[in-house]
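One structure is given below, encoded as structure tokens.
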2 protein chains.
Amino acid sequence: MSTTVAKALSLLDHFSEAEPEIGLSELARRSGVDKATVHRMLGVMCDAGLLEKRGDARLYRLGAGVLRLARVREAAFPVSALVQQSLAELAARLGETAHASLISGRGLATIGICESNRGSRVSLVAGEILMLHCTASGLAVLAYSRPERVDRVLAEPLVARTTRTITNPGVLRARLEEIRLSGFAEADQTAEDDVYGIAVPLFDSDGEATGAIAIATPAHRMTNDLRQEIITALIAEAERVTVSSGGRVPATFRAAAARFVQV
Amino acid sequence: MSTTVAKALSLLDHFSEAEPEIGLSELARRSGVDKATVHRMLGVMCDAGLLEKRGDARLYRLGAGVLRLARVREAAFPVSALVQQSLAELAARLGETAHASLISGRGLATIGICESNRGSRVSLVAGEILMLHCTASGLAVLAYSRPERVDRVLAEPLVARTTRTITNPGVLRARLEEIRLSGFAEADQTAEDDVYGIAVPLFDSDGEATGAIAIATPAHRMTNDLRQEIITALIAEAERVTVSSGGRVPATFRAAAARFVQV
DNA sequence: AACCACTGGTGATTATAATGAACCAAATAT
DNA sequence: ATATTTGGTTCATTATAATCACCAGTGGTT
């Protein structure tokens with residue numbers, strides 16, 4: 001079922017901020033692919049510039065090609081740069097960690113993080129992939145996605161990341177309906193213990209959700225006042241990002257947001 | 001001979017600043033791969049997040065996954081950010097377009113550009129891939145590369161990009177020896193007509209060349225004074241970037257640079 | 001309206017490329 | 001000094017991907 005190209009590309013997912021360089025055997029072990037196969041794939045990806053191996057050491061790491069591709073994308077469709085500005089403002093204003101993510105494959109790719117400067121704060125790993133069904137950002141995106149995407153996510157088993165994760169498809173659908181009406185999504189320790197996330201979707205030129213910006217706070221610190229403040233700020237910044245990146249805020253969201261501000 | 005993974009990845013190279021979105025048929029035509037094959041590969045790469053297709057339109061473009069990968073790499077081995085600073089300084093000081101590139105596969109990936117604000121200036125496309133044998137940056141890198149890389153480049157036919165491009169392997173080898181002794185590379189319209197490039201290599205922790213920073217000026221504007229000024233500035237900035245990115249300037253280069261400054 | 005030249009997308013057959021166990025030399029670990 | 005693990009390679013077997021013809025939709029011309 002799995003194509004070789006998919007297998008090769010999945011190798012890239014094993015590189016993270018925590019483990020930026022990996023050896024051949026190690027990668028073969030983690031991916032469950034034969035060593036010979038991994039070796040050949042790594043070679044090809046080195047040729048393509050997606051990977052490179054450090055001169056003397058025989059470790060592989062992400063190559064300069066990924067920087068180039070990112071530049072090409074940003075030159076044509078700038079979002080990363082735009083978003084970074086909003087994140088900085090949000091983090092400064094609210095004193096909590098702000099982050100942004102975009103749909104990438106079947107998950108959300110974190111493309112920007114701005115940590116608060118408080119002692120106690122939520123710390124996120126750059127380049128992490130968020131799941132759609134349990135994170136605030138994921139829920140915000142799903143609530144404003146085409147039914148096909150929702151169906152695709154609900155078709156697969158909903159992994160329980162914490163004891164509070166919603167694993168029942170029916171319950172999740174109801175949850176998405178609520179979110180659609182309110183304009184923002186909350187995840188009170190459904191993705192990670194002690195983390196309370198609030199997210200608002202970003203839209204493309206077709207008015208479809210493409211990602212989200214979010215605030216993550218230590219769960220115990222969340223109060224009603226802070227919650228209100230966060231949501232108001234997120235809605236404003238999300239609209240700014242959406243509009244300045246050429247997106248269109250759909251009427252359904254605008255109505256929901258207006259309803260919130262009224263209250 | 002060509003693996004399917006390589007073919008799939010080569011599709012990514014067709015996306016550029018000039019043409020950021022491509023349709024299925026168009027991509028099949030340009031790559032010379034069958035439409036059905038391309039379709040399957042694009043699907044796989046969309047799943048991986050490297051590509052995405054714009055909602056209603058049926059065009060493909062680079063996906064958010066590349067932004068994520070770039071972030072992961074930058075988090076672990078920051079160069080792009082570092083280099084950008086140097087480029088800005090160079091462009092401001094010299095009033096000419098500065099750019100940086102890193103080895104990526106069998107070429108140089110442009111990872112940073114800072115154009116001068118003059119009316120007449122050299123304009124570069126973001127994310128372009130430079131050839132090693134005819135650009136100033138490429139020559140600078142080759143001159144300080146392991147013999148294997150040089151041999152690999154010289155093994156393939158040296159494409160003539162202009163009438164002045166060096167196409168003879170022997171001549172090129174001699175040229176590289178000169179560059180190794182001087183510490184900088186020049187490309188007087190050997191890559192593009194009317195463009196005069198000067199480049200200095202960047203090094204990794206093993207003292208091997210990993211890329212270059214360069215200045216590109218309109219050929220007619222180059223004078224001996226400007227040339228001296230550019231080289232001095234480049235050598236200083238290249239060392240700064242190399243050192244602050246954890247690299248080590250090899251003794252051979254340091255000697256060459258010192259020899260130049262003496263003169 | 002009928003036609004044309006496109007587009008994105010799809011399946012079944014055939015040819016091709018991927019696979020994985022065994023194997024090596026060199027580097028580490030014991 | 002011995003055993004284990006590393007990156008890397010080989011080659012017969014097998015599973016995979018390429019191919020061609022085809023379908024349906026679209027936009028433009030006559």
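- The distance between atom CE of A:M41 and atom C1' of D:dA17, rounded to the nearest whole Å, is 13 Å.
- The bend of the helix from C:dA1-D:dT30 to C:dT30-D:dA1, defined by the angle between the axes of its first five and last five pairs, stands at 40° to the nearest 10°.
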Polar pairs (N or O, both sides) under 3.5 Å between protein and nucleotides 4-9 of chain D?
residue: D:dT6; atom: OP1; partner: A:R29; partner atom: NH2; Å: 2.7
residue: D:dT6; atom: OP2; partner: A:R29; partner atom: NH2; Å: 3.4
residue: D:dG7; atom: OP1; partner: A:L24; partner atom: N; Å: 2.8
residue: D:dG7; atom: OP2; partner: A:S25; partner atom: N; Å: 2.4
residue: D:dG7; atom: OP2; partner: A:S25; partner atom: OG; Å: 2.4
residue: D:dG8; atom: OP1; partner: A:K53; partner atom: NZ; Å: 3.1
residue: D:dG8; atom: OP2; partner: A:Y60; partner atom: OH; Å: 2.8
residue: D:dG8; atom: O6; partner: A:K35; partner atom: NZ; Å: 2.9
residue: D:dT9; atom: OP2; partner: A:H39; partner atom: NE2; Å: 3.2

Enumerate, atom names and distances included, each donor-acceptor pair closer than 3.5 Å involving a side-chain atom of residues 247-255 of chain B, sequence neighbours excluded.
residue: B:R248; atom: NH2; partner: B:D206; partner atom: O; Å: 3.1
residue: B:R254; atom: NH1; partner: B:E239; partner atom: OE2; Å: 3.2

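- Evaluation of the side-chain contact (heavy atoms from CB on, under 4.5 Å) rule for B:S31 yields B:L11, B:H14, B:V33, B:V38 as partners, not counting sequence neighbours.
- With sequence neighbours excluded, the residues that form a side-chain contact (heavy atoms from CB on, under 4.5 Å) with B:R71 are A:Q84, A:I113, A:A126.
- Taking A:V72 as the reference, B:L62 meet the side-chain contact (heavy atoms from CB on, under 4.5 Å) condition, with sequence neighbours excluded.
- A donor atom on one side chain and an acceptor atom on the other are not found under 3.5 Å apart for A:T110 and A:S101.
- For residues 33-48 of chain B, the set of pairs meeting the salt bridge (Lys or Arg N to Asp or Glu O under 4.0 Å) definition, not counting sequence neighbours, comprises A:R106-B:D47.
- Between A:T4 and D:dT16 there is no side-chain N or O to OP1 or OP2 distance below 4.0 Å.
- With sequence neighbours excluded, the residues forming a side-chain contact (heavy atoms from CB on, under 4.5 Å) with A:A18 are A:S16, listed by chain and number.
- Whole-Å rounding puts the B:L42 CG to C:dG8 C1' distance at 11 Å.
- The side chain to side chain donor-acceptor pair (under 3.5 Å) contacts involving residues 151-161 of chain A comprise A:D151-A:R173, where partners must be two or more places apart or lie in separate chains.
- At C:dT19, one or more side-chain N or O atoms of A:R40 fall inside 4.0 Å of OP1 or OP2 (strictly under the cut-off).
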